[in-house]
Amino acid sequence: MQTVSIDPCRLPPECETLRSEVRAFLAETLTDFPAAQRARNWSGADPAFSRKLGARGWIGMTWPRRFGGQQRSPLERYVVLEELLACGAPVGAHWVAERQSALLLMRLSPEVLAPRIVPSIARGETYFCIGMSEPDAGSDLAAIRTRAVRTGEGWVINGRKLWTSGAHRAHYMIALVRTGPPGEARHAGMSQLLVEMKTPGLTIRPIRNQLGEHDFNEVTFDDVCVPHEHLIGAEGDGWSQVAGELAFERSGPERYLSSSQLLLEMLDAADAGDPRQAVALGRITAHYATLRQMSLGVSGMLARGENPALAAALVKDQGALVEQALPDVAHDLFGGLAAPGSSLAEVMSYTTRAAPSFSLRGGTREILRGIIAKGLGLR
Ligand SMILES: Cc1cc2nc3c(=O)[nH]c(=O)nc-3n(C[C@H](O)[C@H](O)[C@H](O)COP(=O)(O)OP(=O)(O)OC[C@H]3O[C@@H](n4cnc5c(N)ncnc54)[C@H](O)[C@@H]3O)c2cc1C
């Protein structure tokens with residue numbers, strides 16, 4: 001069996017100066033932001049907050065200046081993300097666009113689409129959603145059926161995407177579609193298209209999640225026509241492009257910091273003299289410290305230009321395990337103690353209901369473990 005190691009990474013001193021700036025900004029901007037909202041973490045969307053962050057230069061920090069970026073290091077970006085997530089800032093509006101869509105546009109359409117769109121992502125004004133999953137294509141993404149046909153006017157798309165988070169807030173989707181001839185090998189003949197959400201023929205229907213809230217959607221395409229230049233990358237290269245996009249999607253600290261508000265609430269409510277609480281909370285804190293080292297190590301790999309896909313899959317898998325265990329610990333330690341309506345009770349209730357999705361979104365636990373096994377030479 002091969003082994004995987006994630007080299008420890010130390011943050012340079014300028015990162016700590018930046019951390020203080022971000023903390024001061026968050027303390028001032030989110031003064032009255034309630035704990036129940038902070039618990040939503042990167043699912044909570046507030047366009048006004050995204051624009052404020054953009055104005056500070058904290059969206060797309062590592063991007064070239066010509067695309068509105070600041071050309072700062074991935075480690076500086078890591079510190080900003082870490083602070084935003086640790087305090088539950090409402091970053092959901094721009095999250096997908098910054099984490100993955102802009103990177104795809106800069107890499108695969110640097111002359112046409114990126115100059116037009118990426119600067120407004122950096123300003124926190126333009127939002128994206130991910131058009132991958134379909135009714136019978138989730139883990140098995142190569143089973144997608146949504147099809148685009150090249151015509152004189154552009155690409156004409158027909159089909160259906162499912163579980164599209166934030167489609168109702170997004171300006172654009174990057175859709176994975178079939179463009180090859182019917183019957184072609186399942187991993188061939190796929191392409192990625194940029195779709196404006198206001199295009200005629202595109203319908204967004206809300207799907208309530210298990211919290212009873214509207215974040216997911218079903219998006220249908222009925223003869224939706226997008227310009228030829230909205231093809232991202234090369235026709236037929238969609239499968240390898242989407243694999244690169246998923247590596248961006250899985251490599252950030254949000255994969256273990258979704259539930260930090262619950263840990264903070266527990267620490268606030270803890271009785272220093274209670275050994276049972278001390279043991280349980282100490283154990284979780286130790287897990288967080290380890291996950292942070294691993295996650296920072298992934299950022300170090302990105303900073304060195306290495307491929308972090310395997311290490312990122314490990315952090316996401318282990319992060320989801322720790323986060324999904326938190327609600328049980330909270331109920332065990334504080335179930336009878338949290339006053340109804342208190343922030344601990346509200347955050348506990350939210351996180352308990354949200355946590356099952358953590359090992360589904362962005363690739364299920366089983367799929368990630370398959371990737372890890374492959375990386376270790378076990379399959
Ligand atoms: C909160 C949330 C947000 C999401 N947002 C988006 C989004 O914005 N855009 C988007 O495109 N999608 C989104 N998704 C969809 C997500 O990517 C899929 O749910 C996920 O890929 C799993 O697909 P599925 O739901 O069809 O389940 P399935 O693929 O049907 O899997 C069902 C179960 O079978 C297991 N399984 C499947 N295949 C295998 C295998 N080969 N070996 C072992 N076990 C297997 C899975 O692990 C899972 O436990 C979101 C999902 C969630 C929960």
Side-chain angles (χ1 to χ4, degrees), residues 39-45 91-101 104 127-146 157 159-178 186-187 190 192-195 197 202 204-221 232 238-239 241-250 252 254-255 258-259 313 316-317 319-321 323-324 350-374 378-379:
R40 277 158 175 75
N41 205 284
W42 54 285
S43 314
V91 291
H94 68 270
W95 195 257
V96 163
E98 201 235 7
R99 178 181 68 189
Q100 59 198 84
S101 320
L104 234 60
Y127 314 132
F128 273 63
C129 59
I130 304 169
M132 295 186 193
S133 307
E134 297 189 6
D136 296 312
S139 302
D140 184 13
L141 194 53
I144 59 157
R145 286 190 299 227
T146 298
I157 312 172
R160 189 147 66 110
K161 293 289 172 187
L162 199 60
W163 314 126
T164 321
S165 304
H168 53 302
R169 293 187 296 265
H171 301 96
Y172 295 99
M173 169 192 283
I174 293 183
L176 182 70
V177 295
R178 297 219 154 268
R186 47 200 312 270
H187 293 99
M190 282 186 246
Q192 286 186 297
L193 290 175
L194 176 76
V195 183
M197 301 306 279
L202 187 152
I204 303 169
R205 290 191 193 87
I207 302 173
R208 301 249 159 230
N209 61 19
Q210 63 196 357
L211 292 145
E213 296 175 357
H214 173 202
D215 194 44
F216 287 140
N217 299 274
E218 177 198 59
V219 180
T220 49
F221 300 82
I232 299 171
W239 186 250
Q241 290 176 197
V242 102
E245 185 181 347
L246 283 167
F248 297 138
E249 187 174 339
R250 290 169 183 158
E254 74 271 29
R255 297 304 177 183
S258 314
S259 309
K316 181 176 181 305
D317 181 57
L321 278 178
E323 292 210 295
Q324 288 182 331
Y350 173 82
T351 311
T352 303
R353 288 173 296 141
S357 71
F358 298 170
S359 54
L360 295 172
R361 63 185 184 187
T364 68
R365 171 165 291 139
E366 290 73 19
I367 294 303
L368 286 171
R369 291 190 175 175
I371 293 171
I372 295 166
K374 208 167 184 179
L378 294 171
R379 60 188 283 250

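Both ligands and their constituent atoms are indexed starting at 1 by order of listing.
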With sequence neighbours excluded, tell me which residues meet side-chain contact (heavy atoms from CB on, under 4.5 Å) with Arg186.
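With sequence neighbours excluded, Arg186 shows a side-chain contact (heavy atoms from CB on, under 4.5 Å) to Asp140, Ala142, Ala143, Arg178, given in chain and number order.
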All side-chain contact (heavy atoms from CB on, under 4.5 Å) counterparts of Ala243, not counting sequence neighbours:
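Residues passing side-chain contact (heavy atoms from CB on, under 4.5 Å) with Ala243: none at all.
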Best match, Ala354, Ser133, Ser165, Ser43: closest heavy atom to atom 8 (O) of ligand 1
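Heavy atom nearest to atom 8 (O) of ligand 1 belongs to Ser165.
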Tell me the nearest of Arg365, Arg361, Glu366, Arg369 to atom 1 (C) of ligand 1, using heavy-atom distances.
Arg361
Sub-4.0 Å atoms of ligand 1 with respect to non-hydrogen atoms of [X]:
| X | result |
| --- | --- |
| Phe216 | 1 (C), 2 (C), 3 (C), 4 (C), 52 (C) |
| Leu360 | 20 (C), 53 (C) |
| Met132 | 11 (O) |

Can you tell me the protein heavy atom closest to [atom] and the distance?
| atom | value |
| --- | --- |
| atom 24 (P) of ligand 1 | Gly138 CA, 3.9 Å |
| atom 38 (N) of ligand 1 | Ser139 CB, 3.7 Å |
| atom 40 (C) of ligand 1 | Ile367 CD1, 4.0 Å |
| atom 19 (O) of ligand 1 | Trp163 CD1, 4.2 Å |

Tell me the closest heavy-atom pair linking [X] and [Y], and the distance in Å.
| X | Y | answer |
| --- | --- | --- |
| Leu162 | Ile207 | CD1-CD1, 3.7 Å |
| Ile371 | Ala313 | CG2-CB, 4.3 Å |
| Leu194 | Ile232 | N-CD1, 3.9 Å |

With side chain to side chain contact (heavy atoms under 4.5 Å, CB included) as the criterion, how do Val91 and Glu254 come out once you've worked through the C-alpha distance, each side chain's angles and the decisive distance to 0.1 Å?
CA-CA 11 Å; Val91 291; Glu254 74 271 29; over 6 Å; no
Tell me whether [atom] lies less than 4.0 Å from at least one protein heavy-atom position.
| atom | value |
| --- | --- |
| atom 31 (O) of ligand 1 | yes |
| atom 34 (O) of ligand 1 | no |
| atom 42 (N) of ligand 1 | no |

Taking distance alone, with no angle check, do Ile130 and ligand 1 share an N/O pair under 3.5 Å?
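Ile130 vs ligand 1: N/O contact under 3.5 Å present.
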Is it the side chain (CB and beyond), the backbone, both or neither of Thr364 that lies under 4.0 Å from ligand 1, heavy atoms counted?
side chain
Using the ring of each side chain (for Trp, its six-membered ring), is Tyr127 parallel, tilted or perpendicular to His171, with breaks at 30° and 60°?
tilted
Ser359 and Gln324: side chain donor to acceptor below 3.5 Å
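The criterion, which ignores hydrogens and geometry beyond distance, is satisfied for Gln324 and Ser359.
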After noting the C-alpha distance and the side-chain angles of Arg160 and Asp136, does the key distance pass the salt bridge (Lys or Arg N to Asp or Glu O under 4.0 Å) rule?
CA-CA 10 Å; Arg160 189 147 66 110; Asp136 296 312; over 6 Å; no
